[in-house]
A.B. asks: 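I'd like to ask some things about the structure below.
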2 protein chains.
Amino acid sequence: MAGNPQKTPALKPSVPKGDAGENPCAACQVREHAVCGALTLPELASFGGAMKDIQLDAGDHLVDEGEVEQFVFSVTSGCLKSFKLMPDGRRQIIGFVFPGDFVGLAKSDAYPSSVEAITPATLCRMNRRELDKMSDSIPNLDRRLHDMASEALAEVQGQLLLLGRKTAQERVATFLMMLSRRATERGMAPNPIDVPMSRDDIGDFLGLTTETVSRTFSRLRKDGLIGGDKDRKIEILDEEGLSDIADGF
Amino acid sequence: MAGNPQKTPALKPSVPKGDAGENPCAACQVREHAVCGALTLPELASFGGAMKDIQLDAGDHLVDEGEVEQFVFSVTSGCLKSFKLMPDGRRQIIGFVFPGDFVGLAKSDAYPSSVEAITPATLCRMNRRELDKMSDSIPNLDRRLHDMASEALAEVQGQLLLLGRKTAQERVATFLMMLSRRATERGMAPNPIDVPMSRDDIGDFLGLTTETVSRTFSRLRKDGLIGGDKDRKIEILDEEGLSDIADGF
DNA sequence: CGTCGCGTTGATTTTGCTCAAGATGGGTGG
DNA sequence: CCACCCATCTTGAGCAAAATCAACGCGACG
């Protein structure tokens, strides 16, 4: 069960000590933002019963691209990355996975990408088959899954524009605005931004090299758009300016 | 109603003359591949009753990014493109839309991208609201929509890898393999490939310029991987070689 | 105290873009 | 039916943005 302190969790673990045994999900910090937010308390009880808590250390891998999709996951704390690899090692990070996010939205036989923990993380795990069954009998759950898939689909379209047409500076600015917006949606401070991933990861997400990402951060810093990078936190100094760069104005 | 001959439809229009009035959908050529394939004949009748046939000429625009998502569409013939624009005119084509494809999979308030016809096209149009209602009462329909969204999500992840990490040659090779595979899925010949879109469109899809696309085709032709480009058709001469380039081997 | 991973910065190279000029070919009107 | 026109495509030359190659700083950790 979750409950052990992690080194750098983005949110508290889902099950505070002492609550386990009754309905751990009722106390989950990210429930509202997760799939589970669609469920009534009784539904939540049976749903939670089918869940197994998982803990990962930084660097642990959760699933492999191509592997049979036996499980789906709902993240309760930490940060993960979803990525694809090419035979020669080139890597594209498909997305960063935060608390409340769901791994396995795209129903398919095999995982379309690998997933690995960036920070220590806690997740709830469920059998794909079991989720499908529940989704058949709980319309709200089904709707929530469909809505989350829709949102993911809309969001990834923005990423296509970024990778296909934006400059390095625009990509990095977009990335920062994205992190800031996500933090706000999760009820966290939009500024300074928590940036738990390495320059390498950011590069593989934005279709750039580490060096270009680093240079671009330096330039944004020199131009007074962002502040220093203390403790994996970046401060946005000129939100409007950054947003204009991000959108190509 | 559909039924008039088009200049260059990829498939026959959905409603052959004479069948209209009974259950036009029953005769639809692309039904099996479209949302409608999930429906029983009685369901299909009421579903089709809520549909309005639409015809577009090449260049006609169907929906605008940001516009309220009042309608959804199922394509019955022709080819369209879905795209996003930046303030300065840079364009990213999100995807090409073929017969059987659905416009509006990502349930949201506003269309996430614009859609415009590349060739003359015919579509079935339905109110978003009405589709949602039907989807609530027909589990098979709901499941089909969810499955199609899942597939779209998985496919777009491959596009992220392409745009973020592949070379020009790899992109074009991937594009051709993609077209070939799609044709096969629709029961059409995988070779030669029908390429109804302009070099410009291909460029905006692959994150390249027209010139680079053109040069890359020339190179593939010179290297004997593909044949000439007669009548918007390209022949694959070395499928394995092309596939290896596409996948980065 | 040395090592290792990560980030930054600099020098050089390369890929694909930009700018420019022809080629091609379908469509239109004389 | 032919000539012209305009879109689209192709090819070439030079350029620029980002990649690559390389060196170094810095903090964490053994």
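Below, chain A is the first sequence line, B the second, and so on; all start at residue 1.
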A.B. asks: Check if the side chain of A:Arg221 and the base of C:dT9 share a donor-acceptor pair of N or O atoms closer than 3.5 Å.
C.D. replies: no
A.B. asks: Could you give the CG-to-P distance, from A:Asp204 to C:dC6, as a whole number of Å?
C.D. replies: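 For the pair A:Asp204 CG and C:dC6 P, the rounded distance is 13 Å.
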A.B. asks: Only pairs with both distances under 3.5 Å count, Watson-Crick or wobble alike; so what is the partner of C:dT24 in this structure?
C.D. replies: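 None - no nucleotide pairs with C:dT24, as no candidate has both distances under 3.5 Å.
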A.B. asks: Rounded to the nearest angstrom, tell me the gap between atom CZ in A:Phe217 and atom P in C:dG7.
C.D. replies: 10 Å
A.B. asks: Please work out if A:Gly203 contacts a base, only the sugar-phosphate, or nothing of the nucleic acid, heavy-atom cut-off 4.0 Å.
C.D. replies: nothing
A.B. asks: Nearest whole angstrom, please: distance from the C1' of D:dT20 to the CZ of B:Arg165.
C.D. replies: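 It is 13 Å, rounded to the nearest whole Å.
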A.B. asks: Measure from the side chain of A:Ser198, starting at C-beta and using heavy atoms only, and say which of D:dA18, D:dT10, C:dG7 lies closest.
C.D. replies: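 Nearest to the side-chain atoms of A:Ser198, counting from C-beta on, is C:dG7.
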A.B. asks: Of the nucleotides D:dC21, C:dT18, D:dT10, which has the atom closest to the B:Arg215 side chain?
C.D. replies: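 Nucleotide nearest to B:Arg215's side chain: C:dT18.
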A.B. asks: Between the side chains of B:Ser150 and A:Ser108, is a donor N or O closer than 3.5 angstrom to an acceptor N or O?
C.D. replies: no
A.B. asks: Could you classify C:dA21 for me, syn or anti, using a glycosidic angle within 90° of 0 as syn?
C.D. replies: anti
A.B. asks: What is the distance, to the nearest angstrom, from the NZ atom on B:Lys230 to the P atom on D:dC9?
C.D. replies: 15 Å
A.B. asks: Could you tell me whether B:Arg91 and B:Asp201 have a side-chain N and a carboxylate O separated by less than 4.0 Å?
C.D. replies: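 Result for this pair is yes, salt bridge flagged.
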A.B. asks: Return no unless some side-chain N or O of A:Ser218 is found under 4.0 Å from OP1 or OP2 of C:dT8.
C.D. replies: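 For C:dT8, OP1/OP2 do not have a side-chain N/O of A:Ser218 under 4.0 Å.
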A.B. asks: Which of the following nucleotides, D:dT20, D:dT11, C:dG16, is nearest to the side chain of B:Leu208?
C.D. replies: C:dG16
A.B. asks: Salt bridge check: are B:Glu235 and B:Arg221 linked by an N-O gap of less than 4.0 Å?
C.D. replies: no
A.B. asks: Name the closest nucleotide to the A:Ala168 side chain, picking from D:dA18, C:dA20, D:dC9.
C.D. replies: D:dA18
A.B. asks: Any side-chain N or O of B:Arg199 under 4.0 Å from OP1/OP2 of D:dT10?
C.D. replies: yes
A.B. asks: Below 4.0 angstrom from OP1 or OP2 of D:dA18, is there any side-chain N or O of A:Thr212?
C.D. replies: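 For A:Thr212, the contact criterion (side-chain N or O under 4.0 Å from OP1 or OP2 of D:dA18) is not met.
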A.B. asks: We want to know whether B:Thr174 and B:Lys166 form a side-chain donor-acceptor pair, criterion being a heavy-atom distance below 3.5 angstrom.
C.D. replies: yes
A.B. asks: Grab the CD1-C1' distance between A:Ile118 and C:dC6 for me, whole Å please.
C.D. replies: 15 Å
A.B. asks: Between A:Lys81 and A:Asp200, is the closest basic N to carboxylate O distance under 4.0 Å?
C.D. replies: no
A.B. asks: Rounded to the Å, how far apart are B:Lys166 NZ and C:dT15 C1'?
C.D. replies: 18 Å
A.B. asks: At 4.0 Å (heavy atoms only), tell me whether A:Arg232 reaches a base, stays on the sugar-phosphate, or touches nothing.
C.D. replies: sugar-phosphate
A.B. asks: For D:dC4 and D:dT8, measure between their P atoms and round to the nearest Å.
C.D. replies: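 About 22 Å, rounded to a whole number of Å.
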A.B. asks: Roughly how many Å is it from CG in A:Asp201 to C1' in C:dG7, rounded to a whole number?
C.D. replies: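 Atom-to-atom, A:Asp201 to C:dG7, this comes out as 13 Å.
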A.B. asks: Report the distance from atom CZ of A:Arg171 to atom C1' of D:dA17, rounded to the nearest whole Å.
C.D. replies: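 Computing the A:Arg171:CZ to D:dA17:C1' distance gives 11 Å.
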A.B. asks: Report yes if the distance between the aromatic ring centroids of B:Phe73 and B:Phe102 is under 6.0 Å, otherwise no.
C.D. replies: no
A.B. asks: Out of D:dT10, D:dA18, C:dC17, which has the shortest distance to the side chain of B:Thr209?
C.D. replies: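 Among the listed nucleotides, the one closest to the side chain of B:Thr209 is C:dC17.
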A.B. asks: When the nearest nucleotide of DNA chain C is assigned to A:Met197 and to B:Glu211 on a heavy-atom basis, which residue is associated with the more 5' position?
C.D. replies: A:Met197
A.B. asks: Which nucleotide in the list C:dT8, C:dT18, D:dA18 gets nearest to the side chain of A:Thr167?
C.D. replies: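 From the listed options, D:dA18 comes nearest.
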A.B. asks: Which nucleotide, if any, forms a Watson-Crick or G-U wobble pair with D:dA7, using both distances under 3.5 Å?
C.D. replies: none
